[in-house]
Amino acid sequence: MTAPKQHQLQYTEFWQERTGLTFGVERILFNRQSAYQHVQVLQTDAFGRVLTLDGLVMLTERDEFVYHEMIAHPALCLLPRPRRVLIVGGGDGGTLREVLRYAEIEQVDLVEIDEVVIEAARTCFPELSVAFEDPRARLHVADGVAFVQRAADAWYDLIIVDSTDPVNFAEGLFGESFYRDCARILTDEGILVTQSESPFDHTFQESIQAAYAMLGRMFARVHMYLAHIPTYPMGLWSFTLASKRLHPVVDFDPEQAARRMASFADRLRYYNVELHRAAFALPSFVRRLFADGGRPAHSMSFHRDDIG
Ligand code: AG3
């Protein structure tokens with residue numbers, strides 16, 4: 001019989017006052033206060049290495065594939081020929097790794113505000129940060145809001161906002177002027193994808209609803225899609241796809257997508273062409289979150305004409 005445990009180190013991200021997710025911690029691998037936030041990497045018992053920023057779980061070795069595949073592939077498979085991509089945030093390199101899987105991608109600008117995040121990834125998550133070595137990747141340590149202000153019109157096919165929660169310095173990445181610049185620097189067929197928190201969590205509901213209203217005024221369509229991410233608050237996560245022209249389900253061509261992914265599809269662990277459609281089908285309670293004046297919405301999509 002093994003001896004009973006006499007001490008243990010645990011880490012909890014609190015989702016509410018006293019409710020949260022607890023990890024068993026074996027070792028603290030990285031621990032630094034940057035100019036922006038507290039950056040930590042923990043070796044945990046059940047989820048491998050975990051990156052936290054100001055105490056919030058950003059990724060775990062075990063389930064990062066869900067978030068990174070789902071923030072990148074739905075839009076990349078929908079666009080017929082994406083060439084230039086902008087990633088705002090994402091200093092760990094996970095989103096970049098997914099974008100660079102496509103041979104037709106020519107250039108990816110990644111704008112991360114905090115170089116300590118990049119360093120933490122280089123030290124503790126080489127399987128993610130390896131993406132920075134690709135010659136198509138250009139790394140900018142800068143503020144995303146200022147970067148999009150200065151970027152040229154109609155340049156990017158896709159913008160991915162891989163940010164933390166809409167608080168503190170990340171709040172601007174959910175705001176009107178940032179979205180306006182994004183719309184301006186995207187091509188006529190361009191798409192903006194952003195992480196948009198958990199539909200189960202009321203904390204950010206208002207800022208996400210406000211973001212939908214803003215995006216609805218700038219893009220022809222705005223759609224929510226979902227994925228299961230065990231280590232983010234409530235385990236069910238949403239993404240928002242704002243598109244100038246293409247409808248994410250109606251205009252999605254599964255054969256073309258399968259062809260485009262042929263060289264790497266067997267290495268993906270979450271996304272596939274069948275799942276693409278399923279991800280945009282929303283549970284009824286999620287549809288109702290965006291109901292106008294209590295009227296149930298029929299789908300979580302806004303069209304410019306409906307909004308006026
Ligand atoms: N960005 C989204 C993380 C949001 C998690 N929120 C939380 N734990 N409260 C993750 C960055 C990974 N590239």
Side-chain angles (χ1 to χ4, degrees), residues 1-34 37-73 89-98 114 116-131 162-165 167 170 195-204 225-239 266-272 275 278-279 283:
M1 211 176 80
T2 52
K5 242 189 205 160
Q6 291 186 305
H7 55 82
Q8 57 187 8
L9 199 55
Q10 289 180 321
Y11 173 89
T12 304
E13 175 181 340
F14 286 101
W15 298 346
Q16 311 269 295
E17 236 1 68
R18 292 184 296 145
T19 301
L21 178 64
T22 299
F23 299 86
V25 176
E26 282 157 7
R27 234 149 58 85
I28 298 170
L29 301 169
F30 191 97
N31 191 17
R32 184 105 48 92
Q33 177 66 44
S34 78
Q37 55 207 341
H38 186 195
V39 183
Q40 281 188 307
V41 180
L42 313 170
Q43 180 70 50
T44 69
D45 54 355
F47 284 93
R49 295 178 176 201
V50 176
L51 171 70
T52 69
L53 298 179
D54 275 347
L56 306 179
V57 173
M58 288 299 119
L59 66 90
T60 84
E61 212 176 329
R62 179 102 189 270
D63 68 357
E64 58 83 16
F65 67 93
V66 183
Y67 178 88
H68 292 129
E69 289 183 18
M70 288 304 281
I71 204 167
H73 297 296
D92 49 75
T95 300
L96 180 63
R97 176 195 65 197
E98 296 306 318
D114 192 348
V116 178
V117 174
I118 302 164
E119 198 193 320
R122 285 205 157 117
T123 321
C124 302
F125 296 96
E127 66 287 4
L128 276 73
S129 65
V130 64
D162 182 7
S163 73
T164 53
D165 296 346
V167 287
Q195 75 87 0
S196 42
E197 304 296 321
S198 176
F200 267 116
D201 188 345
H202 300 297
T203 321
F204 300 113
Y225 63 97
L226 300 174
H228 304 276
I229 305 180
T231 59
Y232 282 175
M234 313 305 275
L236 179 67
W237 208 249
S238 80
F239 300 87
D266 59 346
R267 268 174 280 150
L268 299 187
R269 287 183 283 166
Y270 196 88
Y271 181 81
N272 57 56
L275 183 114

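Please read all numbers here as calculations on a predicted model, not as lab measurements. Numbering starts at 1 and runs along the sequence shown.
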- Item | Distance in Å, Leu59 CG paired with Leu128 CG, rounded so as to fall on 0.5 Å steps | 6.0 Å
- Check the pair Thr44 / Arg62 against side chain to side chain contact (heavy atoms under 4.5 Å, CB included), numbers first and verdict last. CA-CA 10 Å; Thr44 69; Arg62 179 102 189 270; over 6 Å; no
- Query: So do Val50 and Tyr11 actually touch side chain to side chain, heavy atoms under 4.5 Å?
  - Reply: no
- Message: Using the rule given for side chain to side chain contact (heavy atoms under 4.5 Å, CB included), can you reason through Val117 versus Gln37, listing the C-alpha separation, both sets of side-chain angles and the distance that settles it, and then say yes or no?
- Response: CA-CA 9 Å; Val117 174; Gln37 55 207 341; 3.6 Å; yes
- Roughly how far apart are Leu42 CG and Thr52 OG1, rounded to 0.5 Å? 5.5 Å
- Task: Indicate the atoms forming the closest heavy-atom contact of Cys124 with Leu29, along with that distance.
- Result: SG-CB, 4.1 Å
- Message: Looking at every heavy atom in both Ala279 and Met70, which two are closest together, and how far apart are they?
- Response: CB-CE, 3.7 Å
- Query: Taking the side chain as C-beta and beyond, is there a heavy-atom pair between Ile118 and Ser129 under 4.5 Å?
  - Reply: no
- Atom pair NE2 (His68) and CG (Asp162), whose distance is rounded to the nearest 0.5 Å: 5.0 Å
- Once you round to the nearest 0.5 Å, how far does CG of Leu56 lie from CD of Gln40? 11.5 Å
- Query: For the residue pair Leu226 and Pro283, what are the closest heavy atoms and their distance?
  - Reply: CD1-CD, 3.4 Å
- Separation of Glu69 CD from Arg269 CZ (nearest 0.5 Å): 7.0 Å
- Task: Answer whether the closest heavy-atom distance between the side chains of Arg97 and Val130 falls below 4.5 Å.
- Result: no
- Passing option when Tyr67 is tested against Trp237, Tyr270, Phe239, Tyr271 for ring pair (Phe, Tyr, Trp, His ring centres under 6.0 Å): Phe239
- Atom NE2 of His228 with >12 non-hydrogen neighbours under 6.0 angstrom: no
- Compare all side-chain heavy atoms of Asp165 with those of Pro233 and state whether any distance is below 4.5 angstrom. no
- Verdict with reasoning, Thr203 to Trp15, per side chain to side chain contact (heavy atoms under 4.5 Å, CB included): CA-CA 9 Å; Thr203 321; Trp15 298 346; over 6 Å; no
- Message: Pair Leu53, Val39 - check side chain to side chain contact (heavy atoms under 4.5 Å, CB included), show working.
- Response: CA-CA 5 Å; Leu53 298 179; Val39 183; 3.9 Å; yes
- Message: Between Thr231 and Glu64, is there a side-chain heavy-atom distance shorter than 4.5 Å?
- Response: no
- Mark yes or no for whether Ser238, through its side chain, and Glu197, through its backbone, hold a donor-acceptor pair below 3.5 Å. yes
- Between Tyr225 and Ile71 the two heavy atoms that sit nearest each other are OH-CA, 4.0 Å
- Message: With a sphere of 6.0 Å drawn around CD of Gln8, does it hold more than 12 non-hydrogen atoms of other residues, nucleotides or ligands?
- Response: yes
- Are the side chain of Glu13 and the backbone of Gly20 linked by a donor-acceptor contact shorter than 3.5 Å? no
- Query: Below 4.0 angstrom, N of the basic side chain to O of the carboxylate: do Arg49 and Glu127 qualify?
  - Reply: no
- Task: For Ala120 and Val41, work out which heavy atoms get closest and say how close.
- Result: CB-CG2, 4.2 Å
- Query: How close do Gln195 and Ser163 get, heavy atom to heavy atom, and via which atoms?
  - Reply: NE2-O, 3.3 Å
- Separation between OG1 (Thr12) and CZ (Arg18), nearest 0.5 Å, reads 13.0 Å
- Task: Taking Glu98 for its side chain and Ala72 for its backbone only, find out whether a donor-acceptor pair lies under 3.5 Å.
- Result: no
- Under a 4.5 Å cut-off applied to non-hydrogen side-chain atoms, are His38 and Asn31 in contact? yes
- Item | Asn272: side chain to side chain donor-acceptor pair (under 3.5 Å) partners, not counting sequence neighbours | none
